[in-house]
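First comes the structure, then the notes that go with it.
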Amino acid sequence: MLLIHCPYCEEARPELEFRHAGEAHIARPAGIAEISDEAFEAYFFIRDNTKGIVFERWRHIHGCGRFFNAARHSVSDRFVVTYRAGEPKPELSGEQVAAAAPGGKATPANAAAGVNGKAAR
Amino acid sequence: MRRFSGFALAREAMREHKGWGRQWESPEPRSQYDVVIVGAGGHGLATAYYLAAEHGITNVAVLDKGWLGGGNTGRNTTIIRSNYLYDESAAIYDHAVRLWEGLSQALNYNVMFSQRGVMMLAHNVHDVQVLKRHVHANRLNGVDNEWLDPAAARAFCPPLNISKAARYPVVGAALQRRGGVARHDAVAWGYARAASARGVHIIQNCEVTGIHRGPDGAVTGVETTRGAIRARKVGVVAAGHSSVVMAMAGLRMPLESFPLQALVSEPVKPCFPCVVMSNTVHAYISQSDKGELVIGAGTDQYTSYSQTGGLHIISHTLDAICEMFPMFTRMKMLRSWGGIVDVTPDRSPILAKTPVKGLYVNCGWGTGGFKATPGSGHVFAHTIARDDPHPINAPFTLERFRTGRLIDEAAAAAVAH
């Protein structure tokens, strides 16, 4: 079971409190009735499904109820960082990615803010 | 390779079984093949076998980054059935069941196919309606399926708890008697042996790292950890890694990969005569010929390539098993494991040509690909050999996510996704 840091509650909580909500940073096209079939397919069905760092949405359904985003390594399942909805996709350093990869020496996600701490992000 | 027969068995019994030899060759890769198959699981090996056996194309290589049958072929719960709702699905899965019925003879290899019946339980009014709809739809498609009341369900599977006091009481069941199980490893080994005997090269520990394309965009071969291999036709049968391999040709896929777990108990004497599945409480169970209970759990909610999943997923499944079969409450579980399944938006597979000339894809089997192994390989071989899909896999295109012609088994599949 994953341990997930909610950027709103600023607390690491067990996965059972959360609902995975798919790939992040997919913008719904404006004027969706007018877009081509190809554009709709790309928006609605096509997914990166990356082996490596994935950006994904989670919802703290049994907590604050809010959506947020996370960067996670899809082979080790280690989180690199979680961040609030609406914030831009973070630039991850090589060290961060290496630490989250299998065999890497990862510290818990959002360690800088303190896993259970209340420090400002 | 020596043919298996009663006579051969008797002779080898006299010689302490020292004369069987290797079941398939492990050749060095050639620099060029007519067809390269990426992925030596059941589907990939079956494709190679039917290319050789039915289409006369024997200059074929099956490449795998690990060992053959080491992915989902060796990790599934071996259930075989064809009671799918839609016409397209019923056609392809029943095509597979018909091939399963003659497979041990065709391959001269005992895949231990056992049509012991697959029973799906209904626990509420919705289940009853859905399963009865399946029964009727299946019968119209010539697929056997019948409705049982709780007493008949218990008669078919005596360990089943049909008490009305159960948390989710059994109110009926749909039974496909032609469904059953097969020995998963034997399927991979049988296809590998039969394909190798026809000249197919099975090359293990050979990871594909790139797909080469010519100036016109057509496939010209693959790059591997054992060097470049030229081929004008490449079939990708990479299951959970389909997105990764297809990305090498610049294609983005309508796929997400999830961990799916299974587990087995300690082996016990024969006590469980069939396969039982329950959508609502989410569990499926059968007993292997070795005596272990084989139990399938659900997928984790997040995408992953980790080949492992959360303990709470299998714990939840065991809660359901104990509820349905109280006699198993003190059984010990021996092993659990995970595989990575590639799931499409409509929960139906993709067996098709791609926008890249010479590149073919067989993927998206999600949580239930094992049962389709022979049918999948058979029609995919046809697609590659003729450069044109077989009528059975013609609806399972990659383009359906653009045209909207989905085969929406999402709500119709046996277990909740």
Using distance only, find each side-chain donor-acceptor pair of residues 62-70 of chain B under 3.5 Å and give its atom names and separation, not counting sequence neighbours.
| from | atom 1 | to | atom 2 | distance (Å) |
| --- | --- | --- | --- | --- |
| B:Asp64 | OD1 | B:Gly66 | N | 2.7 |
| B:Asp64 | OD2 | B:Ala40 | N | 2.7 |
| B:Lys65 | NZ | B:His241 | NE2 | 3.4 |

Q) Looking at B:Gly404, B:Ser243, B:Gly309, which has the largest count of heavy-atom pairs under 4.5 Å with chain A? A)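 Answer, by heavy-atom pair count under 4.5 Å with chain A: B:Ser243.
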So, taking the atom named [atom1] in [X] and the one named [atom2] in [Y], what distance separates them when rounded to the nearest 0.5 Å?
{"X": "A:Phe45", "Y": "B:Thr344", "atom1": "CZ", "atom2": "OG1", "result": "9.5 Å"}
{"X": "B:Asp342", "Y": "A:Asn49", "atom1": "CG", "atom2": "CG", "result": "8.5 Å"}
{"X": "B:Phe401", "Y": "A:Ile46", "atom1": "CZ", "atom2": "CD1", "result": "8.0 Å"}

Q: State, yes or no, whether a side-chain contact exists between A:Val54 and B:Tyr305 at a heavy-atom distance under 4.5 Å.
A: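 A:Val54 vs B:Tyr305: side chains apart.
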Q: Measure the shortest side-chain to side-chain distance between B:Glu399 and A:Glu41 over non-hydrogen atoms and say whether it is less than 4.5 angstrom.
A: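 Sidechains of A:Glu41 and B:Glu399: no contact.
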Q. For B:Thr303 and A:Glu56, which heavy atoms make the closest approach, and how far apart are they?
A.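 Nearest pair, atom of B:Thr303 first, then A:Glu56: OG1-OE1, 4.3 Å.
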Q: Considering non-hydrogen atoms only, spot the tightest contact between B:His312 and A:Glu15 and give its length.
A: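 The answer is CE1-OE1, 3.6 Å.
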Q. For chain A, which residues from residues 250-259 of chain B have at least one heavy atom closer than 4.5 Å to it?
A.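 Those residues of residues 250-259 of chain B which have a heavy atom under 4.5 Å from chain A are B:Arg252, B:Met253, B:Pro254, B:Leu255, B:Glu256, B:Ser257.
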Q.
I'd like to know whether OH of B:Tyr168 has more than 12 heavy-atom contacts from other residues, nucleotides or ligands below 6.0 angstrom.
A.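 Not more than 12 within 6.0 Å, no.
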(Q) Around atom NE2 of A:His25, are there more than 12 heavy atoms from other residues, nucleotides or ligands closer than 6.0 Å? (A)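 Above 12, so yes.
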Q.
Below 4.5 Å, heavy-atom pairs only: which of A:Phe40, A:Trp58, A:Phe18, A:Phe44 has the largest tally toward chain B?
A.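 Between A:Phe40, A:Trp58, A:Phe18, A:Phe44, the count favours A:Trp58.
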Q: Give the member of A:Lys51, A:Met1, A:Arg47 that has the highest number of heavy-atom pairs under 4.5 Å with chain B.
A: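 The candidate making the most pairs under 4.5 Å is A:Lys51.
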Q. Got a sec, which residues hit salt bridge (Lys or Arg N to Asp or Glu O under 4.0 Å) with B:Arg405, two or more places apart in sequence or on another chain?
A.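 By the salt bridge (Lys or Arg N to Asp or Glu O under 4.0 Å) rule, B:Arg405 matches no residue at all.
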Q.
Quick check on the structure: residues of residues 62-75 of chain A within a heavy-atom distance below 4.5 Å of chain B, by number.
A.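 If one takes a 4.5 Å heavy-atom cut-off, the residues of residues 62-75 of chain A near chain B are A:Arg72, A:Ser74, A:Val75.
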Q | Portion of A:Thr50 that has a non-hydrogen atom of chain B nearer than 4.5 angstrom | A |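 The backbone, not the side chain.
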